[in-house]
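A short worksheet on the structure shown next.
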Amino acid sequence: MLRSSLAGKPPRAPREPGAPRKPREGTKQETVLAMLRREEGATIAQICEATGWQGHTVRGFFAGLKKRQGIEVKVLERVRQVGPNKEGAKGSFTIYHLPA
């Protein structure tokens, strides 16, 4: 039984064996990779805002890039902001980047 969401779609043409897959365009993953490839990089907060993901999802995506695709996300800069009584690090952030 076909699901109603698939009923109106035409069938896809089969891919040739060994041919590379074409990544879908406009995905959140594509958005994250584009942000990381920028010269200034991106923070987890910026990525969360652009994708709607939670911070732990972004960090998990970074881990998956390394594990499944061998792409390691580098730390471009760490900014630490500590209060006068050494209270917490609210406002601290890390800028991540994918080397070219």
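Heavy-atom basis, side chains included; hydrogens, waters and symmetry copies ignored.
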Validation row: Tyr96, Ile47 side chains within 4.5 angstrom (heavy atoms):
no

Are Val73 and Leu65 side-chain neighbours, meaning at least one heavy-atom pair lies under 4.5 Å?
yes

Decide whether Trp53 and Ile71 are clustered together by the hydrophobic rule: side chain heavy atoms of Ile, Leu, Val, Met, Phe, Trp, Tyr closer than 4.5 Å, transitively.
yes

List the atom of Cys48, the atom of Val58, and the distance in Å for their closest heavy-atom pair.
SG-CG2, 3.9 Å

So CG of Leu76 and OG1 of Thr43: to nearest 0.5 Å the spacing works out to 11.5 Å

pair Val79-Glu77: side-chain heavy atoms closer than 4.5 Å
yes

Which distance, rounded to the nearest 0.5 Å, do you find between the CZ of Arg68 and the CZ of Phe61?
10.0 Å

Taking only residues at least two apart or on different chains, which pairs with a member in residues 25-51 satisfy ring pair (Phe, Tyr, Trp, His ring centres under 6.0 Å)?
none

Do the side chain of Lys66 and the main chain of Glu72 share a donor and acceptor less than 3.5 angstrom apart?
no

Hey, what do you get for NE2 (His97) to CE (Met35), rounding to the nearest 0.5 Å?
13.5 Å

Looking at Glu25 and Glu30, what are the two nearest heavy atoms and their distance?
CA-OE2, 3.7 Å

Can you get from Leu33 to Ile44 by hopping between Ile, Leu, Val, Met, Phe, Trp and Tyr side chains that sit under 4.5 Å apart?
yes

Is it true that atom CD of Gln54 has more than 12 heavy atoms of other residues, nucleotides or ligands lying nearer than 6.0 Å?
no

Going from CZ on Arg38 to CG on Leu36, what distance comes out if it is rounded to the nearest 0.5 angstrom?
8.5 Å

Say you draw a straight line from CZ of Arg37 to CG of Leu98; how long is it, rounded to the nearest 0.5 Å?
6.0 Å

Could you check whether any side-chain heavy atom of Val32 comes within less than 4.5 Å of a side-chain heavy atom of Thr51, counting everything from C-beta outward?
yes

Just verifying a value: how many Å separate Thr31 OG1 and Gln29 CD, rounded to the nearest 0.5 Å?
9.5 Å

